[in-house]
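Worksheet: one structure, shown below.
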Amino acid sequence: MKRRTFLSGVAAAGILACEIPAVHASDSVELSAALFDDSRLVGLTADGDGYESAAKRLIRCHDGGLWLEAMASAEYDRPRQPGEPWPHLLVEQVWGAAGVRLVDLAKLQFGLTARVDHFVNHMSPADYDPGLQAAQVTAYFTLQNRNESSPDYGNLVWFGVPVVDDRYDIPPAHYAEDAGHTGQTNQFIAVMPGSEFWDRSIKDGRWHSIRTDLLPFLHHAFSVAQQGGYLPRTRVEELRITTFNYGWELPGAFDVALQVKPLTAVAVVR
């Protein structure tokens with residue numbers, strides 16, 4: 001079996017003026033730009049390479065990790081309502097057709113070390129509806145049908161490893177269609193139970209780590225998706241891991257900050 005680096009210190013090359021290579025087979029994979037909700041960037045921060053706006057701050061730390069801070073209280077003038085969009089602060093890496101095939105994997109060894117620096121809810125108890133307002137971080141891989149001859153070509157599963165959610169000490173599993181908001185993809189979301197990765201909440205300001213093989217969870221996510229009627233004409237050999245992203249999603253008026261050490265995902269190929 002061969003070991004290939006799939007992610008190595010994922011960062012945002014376009015925003016952070018740094019390049020951290022990831023390698024699949026013999027191909028170098030370029031990192032994509034961070035996804036901002038606005039482009040009102042006001043300059044470099046003092047604590048590392050990065051940029052900030054009135055509502056977001058992204059810093060590449062000296063150890064190669066990232067500081068992701070979002071001030072959603074600056075984004076909302078009233079509580080979010082059903083169907084409305086919400087702020088994001090994400091970093092992403094894209095492999096597309098060059099992504100590793102699921103059937104070629106013997107393991108996908110994933111490592112994440114993170115701490116929540118602060119987590120402040122600016123909504124009153126009367127305004128806060130946990131069904132509509134939240135603050136969460138999930139690490140997502142997309143598991144996508146890349147067979148151009150397949151009727152399901154392009155369809156995918158959003159496979160998630162939960163990191164933090166204001167509503168829970170340890171986030172539960174979540175299976176649903178990505179729908180009901182601006183920018184919906186109508187693809188299946190499969191977030192694994194947080195108890196598979198964490199034994200306590202990471203909202204205590206301390207560093208917490210996971211090191212795990214994601215391969216059995218990826219197969220489980222695909223199985224649940226098909227049981228729900230998604231990717232019904234997709235064979236497992238047609239699936240590739242095509243993108244990765246993580247960061248804040250803020251349907252509620254929270255001010256939050258997450259510090260993450262360089263991520264790793266190593267594909268052990270059969």
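All values derive from a computational prediction rather than experimental measurement. All residue numbers in this chain count up from 1 along the given sequence.
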Ile189 reachable from Ile241 in the ILVMFWY side-chain graph, under 4.5 Å edges
no
State plainly whether one hydrophobic cluster holds both Leu112 and Met192, where clusters connect Ile, Leu, Val, Met, Phe, Trp and Tyr through side-chain heavy atoms under 4.5 angstrom apart.
yes
Shared hydrophobic cluster for Val157 and Val103 (ILVMFWY, side-chain gaps under 4.5 Å)
yes
Closest non-hydrogen contact found for Val256 with Ala135 is CG1-CB, 4.3 Å
Taking every heavy atom of Tyr140 against every heavy atom of Gly160, the minimum-distance pair comes out as CD2-CA, 3.7 Å
Minimum heavy-atom separation for Ala257 and Trp67, please, with both atom names.
CB-CZ2, 3.6 Å
Could you state the interatomic distance from NE2 (His208) to CZ (Arg115), rounded to the nearest 0.5 Å?
10.5 Å
In sequence, state the C-alpha distance, the side-chain angles, and the governing distance for His219 and Leu102, and then conclude on side-chain contact (heavy atoms from CB on, under 4.5 Å).
CA-CA 8 Å; His219 282 284; Leu102 185 62; 3.8 Å; yes
I'd like to check the side-chain contact (heavy atoms from CB on, under 4.5 Å) partners of Ala74; sequence neighbours left out, ordered by chain and number.
Ala55
Any sub-3.5 Å donor-acceptor pair from Trp198's side-chain atoms to Pro171's backbone N or O?
no
Any side-chain to backbone donor/acceptor pair from Tyr76 onto Pro251? Under 3.5 Å, distance only.
yes
Are there more than 12 heavy atoms of other residues, nucleotides or ligands under 6.0 Å from atom NZ of Lys107?
no
Heavy-atom side-chain proximity of Lys261 to Trp207 below 4.5 angstrom
yes
Leu66, Met71: one ILVMFWY side-chain cluster at the under-4.5 Å cut-off?
no
Salt bridge (charged side-chain N to carboxylate O under 4.0 Å, His left out): pairs with one or both residues in residues 165-181, sequence neighbours excluded:
Asp165-Arg167
Do Ile59 and Glu52 touch side chain to side chain, with heavy atoms closer than 4.5 Å?
no
Mind checking what makes side-chain contact (heavy atoms from CB on, under 4.5 Å) contact with Thr234, not counting sequence neighbours?
Asn145, Asp152, Phe222, Gln226, Leu231, Glu238, Leu239
Would you confirm whether the ring centroid of Phe110 sits within less than 6.0 angstrom of the ring centroid of Phe217?
no
If every non-hydrogen atom of Gly247 is compared with every non-hydrogen atom of Leu68, which pair is closest and at what distance?
CA-CD2, 4.3 Å
Could you check whether any side-chain heavy atom of Gln144 comes within less than 4.5 Å of a side-chain heavy atom of Arg240, counting everything from C-beta outward?
no
For the backbone of Trp86 and the side chain of His88, can you confirm whether one donor and one acceptor N or O come within less than 3.5 Å of each other?
yes
With rounding to the nearest 0.5 Å, note down the distance linking CG in Leu250 to CD in Gln133.
12.0 Å
Nearest heavy-atom contact between Tyr175 and His220 is OH-NE2, 3.1 Å
Is Arg80 paired with Glu75 through a side-chain N to carboxylate O contact shorter than 4.0 Å?
no
Should Val91 and Asn245 count as side-chain neighbours, where that means a heavy-atom distance under 4.5 Å?
no
Is any side-chain heavy atom of Gln259 less than 4.5 Å from a side-chain heavy atom of Asp117?
no
Between Phe244 and Tyr246, how do the two ring planes meet: parallel, tilted or perpendicular, split at 30° and 60°?
tilted
With Phe119, which residues qualify under ring-ring contact (aromatic ring centres under 6.0 Å, His included), at least two apart?
Trp248, Phe254
Partners passing side-chain contact (heavy atoms from CB on, under 4.5 Å) against Gln81 (at least two apart in sequence or in another chain)
Arg78, Pro79, Glu84
Residues Gly194 and Ile170: closest non-hydrogen pair is C-CG2, 3.4 Å
Taking the side chain as everything from C-beta on, heavy atoms only, tell me whether Asn155 gets closer than 4.5 Å to Gln187.
yes
Any donor-acceptor pair under 3.5 Å linking the side-chain atoms of Thr138 with those of Trp158?
no
Which distance, rounded to the nearest 0.5 Å, do you find between the NE2 of His118 and the CG of Asp255?
6.0 Å
Let me see the working for Val161 and Thr212 under side-chain contact (heavy atoms from CB on, under 4.5 Å), right down to the final yes or no.
CA-CA 11 Å; Val161 176; Thr212 190; over 6 Å; no
Say whether Leu90 and Leu156 are linked into one hydrophobic cluster, either directly or through other cluster members, by side-chain heavy-atom distances under 4.5 angstrom.
no
For residues 206-224, the salt bridge (charged side-chain N to carboxylate O under 4.0 Å, His left out) pairs (sequence neighbours left out) are none
Taking side chain as C-beta onward, heavy atoms only, is Phe141 less than 4.5 Å from Leu214?
yes
Over 60° means perpendicular and under 30° means parallel, so tell me whether Phe188 and Tyr230 are parallel, tilted or perpendicular.
tilted
